[in-house]
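Just so it is clear: chains get the letters A, B, ... in the order the sequence lines come, proteins before strands, and each one is counted from 1.
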Amino acid sequence: MRLDDIEQAMRAGHMGPARQAAIEQQIQVGRTFDAVDFVEVSQVHLMADTESLGESGVAYLESVAALPAEERRVRVPTVTDPRGIDLCAYRKLNQEERFAELERRTIAALESMGVLMTDTCINYQTILPPVHGEHLAFGDTGSTIYANSVCGARSNFEGGPAALAAALTGRVPRYGCHLDGGRRGTHLFEITERPQNLSDWGALGAVIGQRTGSYWTVPVIDGIGGSPTSDELKHFGAALASYGSVPLFHMAGVTPEAPDAASVFDGASPKPEVITRAELDAFYASFGRHEEHVDVVVFAAPQLSMVEMQEVARLLEGNRVHQGTALLIATSPENKSACDRLGITGTIEASGAVLLRGVCFYQMYARELGEANGWQRLLSNSAKLVNIISGYGYRPVLATTEECIEAAINGRM
Amino acid sequence: MGERQIKGHVGIGPLTSGIALVARDNFSARYDLDRLQGVFSRPAHALHGQSYVDKVLVLHTAKGGVATSWMLREMKSRGMAPAALLLNYANPIMAQGAAFAELAFMDRFEVDITEAIRTGDRVTVDPQAGLVIVA
């Protein structure tokens, strides 16, 4: 890879051991993906929940935090993905003190590096929305696919250590979504019926994700007919990225690089794969529909926007969550503060639901959480969450927002 | 059968040998594994219930989220990591995780790697040369 003066200085260790290790890692990754050089980034989104970090990851962060200020501070604005523990709610959820302690150590280390603890996966809605053409290092698949596709910004998936490396060096290897050629369409999907609600949008993302081959495919979606909302695209993109490991999609007439389907393909457009309502129904059916007790209902993955919070509160108003069922709702710290101010928190908590701040369900020790509370049958309106969570010992079902709230109140599907 | 060499793209990490565990399925540390027990825990995964510890794990492509890049090093620190990871197609997360964990990793082979290697084969992975040797 071609290195400029700053990159060579970092590699030689002149800017401290953390930046040296960071750029060495980045060079290895760049070489693997045939990057010719680096590109500077203007913002980093860092995924560093303690369940993923483990003791070894936390110790690594602390080793960076122990360096002199000029060697440990991030070089570009850096915000964080959700935490593994909500320090205000973990006791209520029977979570162990050792997890909270790991979280406190992580927060202290990241803060000393100058990281802004935003603790959100919807930073594109709530913190600093990406701009068309802006190069980024985003570290959550949902935030990356939204930034690339809806905003027209440019980021690969930068996992925790890679996003931290980008924060320390201020750049990333230039490959994949940073290049014009990596953003051209590879697959065409034609939608015959517009999704009706958020879980439908997630289901559509999942169905398309299951049909895309790998990270290097770029699905183009035609036939939507009018712009979806930010929350609809959020659920669609999060599910597409989760099922397909896809960092970018184009939606004809909606997203900025696709005024129409044909213009994002090199040469003739491929033959479209048609997605009908029947495919979405089959996806829902794949989780089963059992008339049985529901242990836990979860709204998360991605964290809820203000609009989603208001809708959940409206559906819950005047109702009580069933005593044998837990209802968890996760949003960002900024949205939580706004919900407190607007009375939304009061309505939700009066129902017996638990409002979680700055976390996401699958990142908060979901296996131990399920075991501590006896949770297996899980209901969610998030296609992403139901995809992830079966590996943690749950039996998930995808349902609409209204069905989820009804199940939380009745204790049954 | 004699020794076979399979070429792939230059990868990441040290020269490594081990016994192969192969499936034509995909890989995510968060979605698929019980990392405490060292087994595949996702019921729908082709390797469900099998131990991946110290194996040369051979799978089709990388799936799922970003967590794997922290998790590989964490698994390695507890002696519960695979010895190496070979994929037909990786995503950046796997490469970043391998670089952070100093774990042998390769992808993009001249053949379908999930067909060229069988479970139980003794495999040597040379990422810097972009070469896999099957004994």
Side-chain angles (χ1 to χ4, degrees), chain A residues 21 24-34 47-49 51-57 59-60 81 138-142 144 156-165 172-173 175-177 209 213-216 241-247 362-363 367 384 387-393 395, chain B residues 8-13 26-37 39-45 48 60-78 80-81 87-102 105-108 127-128 130:
Chain A
E24 278 300 339
Q25 271 179 53
Q26 292 185 307
I27 289 168
Q28 286 192 60
V29 173
R31 196 177 59 148
T32 299
F33 296 119
D34 304 313
M47 185 280 208
D49 66 72
E51 193 215 333
S52 308
L53 284 162
E55 173 62 37
S56 76
Y60 176 78
D81 206 35
F138 269 21
D140 167 85
T141 58
T144 305
N156 287 314
F157 288 169
E158 299 289 351
L164 182 62
V172 292
Y175 67 89
C177 292
S214 75
Y215 184 83
W216 314 102
S242 177
Y243 284 83
S245 192
V246 170
Y362 70 89
Q363 290 172 310
R367 179 179 300 283
K384 173 175 177 170
N387 186 32
I388 297 172
I389 214 67
S390 68
Y392 284 87
R395 290 179 293 131
Chain B
H9 196 283
V10 166
I12 286 171
N26 304 317
F27 182 67
S28 159
R30 164 129 41 211
Y31 289 36
D32 295 329
L33 306 183
D34 181 334
R35 288 167 285 120
L36 296 177
Q37 302 297 322
V39 296
F40 280 84
S41 61
R42 183 181 174 82
H45 200 281
H48 179 239
H60 178 55
T61 185
K63 283 281 182 181
V66 297
T68 301
S69 54
W70 283 121
M71 288 175 174
L72 291 179
R73 180 172 167 133
E74 192 277 330
M75 288 151 62
K76 198 174 166 188
S77 76
R78 290 184 292 110
M80 295 296 266
L87 300 169
N88 277 326
Y89 300 100
N91 65 8
I93 298 302
M94 294 298 153
Q96 294 158 3
F100 185 57
E102 298 176 22
F105 157 85
M106 282 178 62
D107 80 334
R108 284 162 288 165
Q128 303 307 318

Let me know if [X] has heavy atoms under 4.5 Å from chain B in its side chain, its backbone, both or neither.
{"X": "A:Tyr392", "value": "side chain"}
{"X": "A:Ala48", "value": "both"}
{"X": "A:Glu24", "value": "neither"}

Which of the residues [options] is involved in the greatest number of heavy-atom pairs with chain A at under 4.5 angstrom?
{"options": "B:Arg35, B:His45, B:Met75", "result": "B:Arg35"}
{"options": "B:Ala44, B:Pro127, B:Ala90", "result": "B:Ala90"}
{"options": "B:Arg42, B:Met71, B:His9, B:Arg78", "result": "B:His9"}
{"options": "B:Pro92, B:Ser77, B:Ala99, B:Ala95", "result": "B:Pro92"}

Q) Which region of B:Phe105, side chain (C-beta onward) or backbone (N, CA, C, O), has a non-hydrogen atom less than 4.5 Å from a non-hydrogen atom of chain A, or is it both or neither? A) side chain
Q: Under 4.5 Å heavy-atom distance to chain A, tell me which part of B:Pro43 shows up: side chain, backbone, both or neither.
A: side chain
Q: Output the distance between atom CZ (A:Phe33) and atom CG (A:Asn156), rounded to the nearest 0.5 Å.
A: 8.5 Å
Q) Is the shortest side-chain N to carboxylate O distance from A:Glu51 to B:Arg30 below 4.0 Å? A) yes
Q.
Taking B:Ile12's backbone N and O only, do any of them form a donor-acceptor pair with B:Gln128's side chain (distance below 3.5 Å, no angle check)?
A. no
Q) Can any side-chain N or O of B:Trp70 pair as donor or acceptor with the backbone N or O of A:Asp49 at less than 3.5 Å? A) no
Q: Tell me, with the steps shown, if B:Phe27 and B:Leu33 meet side-chain contact (heavy atoms from CB on, under 4.5 Å).
A: CA-CA 9 Å; B:Phe27 182 67; B:Leu33 306 183; 3.9 Å; yes
Q. So, B:Gln96 and A:Glu158: side-chain donor and acceptor under 3.5 Å apart, yes or no?
A. yes
(Q) Can a side-chain donor-acceptor contact be found between B:His60 and B:Asn26 if the only test is distance below 3.5 angstrom? (A) no
(Q) Taking every non-hydrogen pair under 4.5 Å, which of A:Gly160, A:Gly176, A:Ala59 racks up the most with chain B? (A) A:Gly160
